[in-house]
Amino acid sequence: MTRPAYIRLTGSLLAAWFLAEAAAAQFGWLGGTPGQPPIQLLAAVLIPLGAIAAGCVSSSSFRSFLLSLSPKILTQLQAWRVGGFVFLVLARYAILPPEFALSAGWGDITIGATATLVALRLSTPQHKTSFVIWQILGITDLIVAVSLGATTNLFHPHSIPTTPMSVLPLSLIPTFAVPLLLVVHIICIAQALRWKQPSTESPLP
């Protein structure tokens with residue numbers, strides 16, 4: 001399959017994914033049982049990740065297409081995470097539990113605020129290590145946020161429920177934005193691991 005064909009296919013799949021997650025939330029399919037882990041919500045996060053991983057394993061051309069994407073542009077996409085300030089606002093007005101919202105909010109703000117600098121200055125072989133470390137920090141923030149969202153009400157049963165995360169529009173954050181940004185981080189790391197460090201040896205006279 002050609003690169004333009006992969007671009008069209010990827011765009012169509014992203015649109016279908018977005019609409020499917022929106023429909024699932026609209027029909028109440030993401031709501032869980034109070035006091036129990038949000039299994040449906042976690043499934044909505046993990047299933048797309050599994051599908052993308054399967055596509056990479058089964059198709060070398062799809063894998064090559066993903067690795068050919070610009071790491072600078074992919075990293076710049078993480079700048080949208082400054083929108084994590086919404087979590088801080090929701091915690092302030094007791095709509096989401098602070099145990100979850102403050103960690104998720106400040107983590108996203110930190111990654112989003114530094115994304116442009118990393119994209120412009122560190123997405124090169126000369127800064128390979130720093131680039132990979134930043135990507136790992138971004139992945140860690142996403143995993144911690146999802147974990148806290150899934151377990152906060154289990155460990156703090158009298159805290160504010162995380163139920164708003166299973167209804168629109170907030171449901172699109174864990175079911176669409178988080179898996180997508182996680183994949184973007186992983187692609188960037190895979191690209192960086194293929195970079196060759198520039199030689200530091202002086203040329204022979």
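Excluded from the calculations below are hydrogen atoms, water molecules and symmetry mates; all remaining heavy atoms, backbone and side chain alike, are included.
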(message) To the closest 0.5 Å, what do you measure between CD (Gln26) and CG (Leu19)?
(response) 12.5 Å
(request) Calculate, to the nearest 0.5 Å, the distance between atoms CD1 and CG belonging to Ile39 and Leu46 respectively. (result) 10.0 Å
(message) With heavy-atom distances below 4.5 Å as the criterion, would you say the side chains of Thr75 and Gln135 are in contact?
(response) yes
(request) Hey, can you tell me if Phe100 and Phe87 have their rings parallel, tilted or perpendicular (30° and 60° cut-offs)? (result) perpendicular
Result block: side-chain N/O donor-acceptor pairs under 3.5 angstrom for residues 88-98, not counting sequence neighbours:
none

(request) Taking all non-hydrogen atoms of both residues into account, name the closest pair between Gly149 and Thr162 and its distance. (result) O-OG1, 3.6 Å
(request) Measure the spacing between CD1 of Ile139 and CD1 of Ile186 and express it to the nearest 0.5 Å. (result) 5.0 Å
(message) Hydrophobic clusters here meaning ILVMFWY residues chained together by side-chain heavy-atom distances under 4.5 Å, can you tell me if Leu117 and Val82 are in one?
(response) no
(message) I'd like to know if the side chain of Thr114 pairs up with that of Gln78 as donor and acceptor (distance under 3.5 Å, no hydrogens or angles considered).
(response) no
(message) Classify the ring geometry of Trp195 against Phe131: parallel below 30°, tilted from 30° to 60°, perpendicular beyond 60°.
(response) tilted
(message) Within the structure provided, determine whether Trp80 and Asp108 are in side-chain contact (heavy-atom separation under 4.5 Å).
(response) no
(request) Would you sort out whether Glu21 and Leu172 count as a side-chain contact (heavy atoms from CB on, under 4.5 Å), showing the intermediate values? (result) CA-CA 7 Å; Glu21 300 293 8; Leu172 292 173; 4.2 Å; yes
(request) Carefully, step by step, assess Leu168 and Ser171 under the rule side-chain contact (heavy atoms from CB on, under 4.5 Å). (result) CA-CA 5 Å; Leu168 291 172; Ser171 65; 3.4 Å; yes
(request) Consider only side-chain heavy atoms of I, L, V, M, F, W and Y, link residues closer than 4.5 Å, and tell whether Leu74 and Trp134 are in one cluster. (result) no
(request) Could you tell me whether Phe18 atom CZ has more than 12 heavy atoms of other residues or ligands within 6.0 Å of it? (result) no
(request) Locate the shortest heavy-atom distance separating Val57 from Arg63; write the atom from each residue and the value. (result) O-NH1, 3.9 Å
(request) Check the hydrophobic clustering (I, L, V, M, F, W, Y; side-chain heavy atoms under 4.5 Å; chains of links allowed) and say if Leu42 and Leu182 are grouped together. (result) yes
(request) Decide whether Trp106 and Ile143 are clustered together by the hydrophobic rule: side chain heavy atoms of Ile, Leu, Val, Met, Phe, Trp, Tyr closer than 4.5 Å, transitively. (result) yes
(request) Give a yes or no on whether the backbone of Gly138 and the side-chain of Arg81 come within a donor-acceptor separation of less than 3.5 Å. (result) yes
(request) Locate the shortest heavy-atom distance separating Pro174 from Leu170; write the atom from each residue and the value. (result) CD-O, 3.1 Å
(message) Please report the interatomic distance OG1(Thr116) to NZ(Lys72), rounded to the nearest 0.5 Å.
(response) 11.5 Å
(message) Please check if the number of heavy atoms outside Trp17 that lie under 6.0 Å from its CH2 is greater than 12.
(response) yes
(request) Using atom types as modelled and distance alone, determine if a side-chain donor or acceptor of Ser166 lies under 3.5 Å from a backbone N or O of Thr163. (result) yes
(message) Using 0.5 Å steps for rounding, measure from the CE atom of Met165 to the CG atom of Leu41.
(response) 7.5 Å
(request) Would you give the length of the straight line joining atom CG of Leu137 to atom CG of Leu142, rounded to the nearest 0.5 angstrom? (result) 11.0 Å
(message) If I compare all heavy atoms of Lys128 with all of Leu193, which pair ends up nearest, and what's the gap?
(response) NZ-O, 3.7 Å
(request) With the side chain counted from C-beta on, respond yes when Thr110 and Asp141 share a heavy-atom pair under 4.5 Å apart, and no when they do not. (result) no
(message) If we ignore hydrogens and angles and just use 3.5 Å, is the side chain of Ser59 paired with the main-chain N or O of Cys56 as donor and acceptor?
(response) no
(message) Between Gln191 (side chain only) and Leu69 (backbone N and O only), is there a donor and an acceptor less than 3.5 Å apart?
(response) yes
(request) Kindly give the heavy-atom pair with the smallest separation between Asn153 and Ser159, and that separation in Å. (result) ND2-O, 4.2 Å
(message) Test of understanding: with side-chain contact (heavy atoms from CB on, under 4.5 Å), list the residues that count as partners of Leu13, not counting sequence neighbours.
(response) Leu9
(message) Please find the pair of heavy atoms, one from Thr175 and one from Ala44, that lie closest to each other, and give the distance.
(response) CG2-CB, 3.6 Å
(request) Following the transitive rule for hydrophobic clusters with a side-chain heavy-atom cut-off under 4.5 Å over Ile, Leu, Val, Met, Phe, Trp and Tyr, establish whether Leu180 and Ile111 coincide in one cluster. (result) no
(request) Could you tell me whether Ile73 atom CD1 has more than 12 heavy atoms of other residues or ligands within 6.0 Å of it? (result) no
